[in-house]
Amino acid sequence: MQPFTVKAIKIIQNIPSGKVMTYGQIAKLAGSPRGARQVVRILHSLSEKHQLPWHRVVNGKGEIGFKNDLSFNLQRELLEKEEIYVSSKGILDLQEYLYDPLYHHS
DNA sequence: TTGGTGACGGGGC
DNA sequence: CGCCCCGCCACCA
């Protein structure tokens, strides 16, 4: 397993409930600034095995990425359960919900 | 080995 | 805002 994959998994596992991270942000923190698509791959193939909170990952514009209705609706439901408001078009407010593991209060 | 494939991202219009 | 193009990169048939 590549170090990138290991790091990305840890990062995803540490996203707190009620917050989201973007594919690109995770890729960058895991050491591959242009590896957003690899994050997609990881979520797709390893979410179950590693019990990843896959629903807390959205694209850089703050939208649910799925085109597929079933997956789209499921992700929206899971986010709203965590008090994250998602519009019917799948858009949420990154200013409010984005999690930055490198940011610390005072 | 090679070419197709994305739950992406940035830039241009 | 919406579209389109292009670069990206590990995986797999």
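So you know, we letter chains A, B, ... as the sequences are listed, proteins then strands, and number each from 1.
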*asked:* Are more than 12 heavy atoms, taken from residues, nucleotides or ligands other than A/Lys19, located less than 6.0 Å from that residue's NZ atom?
replied: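 Yes - once you tally the heavy atoms of other residues, nucleotides and ligands closer than 6.0 Å, there are more than 12.
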
*Say whether, by atom type as modelled, one donor and one acceptor occur between the side chain of A/Glu82 and the main chain of A/Ser17 under 3.5 angstrom.*
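The answer is no, because no donor-acceptor pair under 3.5 Å joins these two groups.
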
_Has A/Glu96 got a side-chain atom pairing as donor or acceptor with A/Tyr85's backbone, closer than 3.5 angstrom?_
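No, because the side chain of A/Glu96 does not come within donor-acceptor range (under 3.5 Å) of the backbone of A/Tyr85.
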
_Interface residues of residues 42-60 of chain A with DNA chain C (non-hydrogen, below 4.0 angstrom)_ =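 Heavy-atom contacts with DNA chain C come from no residue of residues 42-60 of chain A; none.
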
Which heavy atom of [X] sits nearest a heavy atom of [Y], and at what distance?
| X | Y | value |
| --- | --- | --- |
| A/Pro101 | A/Leu29 | CG-CD1, 3.6 Å |
| A/Ala30 | A/Ala8 | CB-N, 3.8 Å |
| A/Ser88 | A/Phe72 | O-CZ, 3.8 Å |
| A/Met1 | A/Ile9 | CE-CD1, 3.8 Å |

_Can you pull out the residues from residues 64-94 of chain A that lie within a 4.0 Å heavy-atom distance of DNA chain B?_
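Only A/Gly65, A/Phe66 qualify.
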
_Side-chain heavy atoms nearer than 4.5 Å, only ILVMFWY residues, links allowed to pass through others: does that put A/Val20 and A/Ile91 together?_
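Not linked; separate clusters.
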
*Please, which pairs that meet salt bridge (charged side-chain N to carboxylate O under 4.0 Å, His left out) have at least one residue in residues 62-77 of chain A, sequence neighbours excluded?*
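Checked against salt bridge (charged side-chain N to carboxylate O under 4.0 Å, His left out) - neighbours excluded - the pairs reaching residues 62-77 of chain A are A/Lys61-A/Glu63.
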
*Go through DNA chain B in 5' to 3' direction and return only the first and the last nucleotide with some atom under 4.0 Å of chain A's heavy atoms.*
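Counting from the 5' end, contacts occupy B/dG6 to B/dG9.
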
_Distance, nearest 0.5 Å, that separates CG of A/Asp93 from CG of A/Leu98_ =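 Here the interatomic distance stands at 10.0 Å.
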
*Taking side chain as C-beta onward, heavy atoms only, is A/Glu80 less than 4.5 Å from A/Val86?*
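A/Glu80 vs A/Val86: side chains touch.
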
*With the sugar-phosphate defined as primed atoms, P, OP1 and OP2, and the base as all remaining atoms, what B/S/- string results for nucleotides 6-13 of chain C, 5' to 3', for protein heavy atoms under 4.0 Å?*
-BBBSS--

Side-chain polar contacts of residues 37-52 of chain A - donor-acceptor pairs under 3.5 angstrom, sequence neighbours left out - could you list them?
| from | atom 1 | to | atom 2 | distance (Å) |
| --- | --- | --- | --- | --- |
| A/Ser45 | OG | A/Arg41 | O | 2.8 |
| A/Ser47 | OG | A/Leu43 | O | 2.6 |

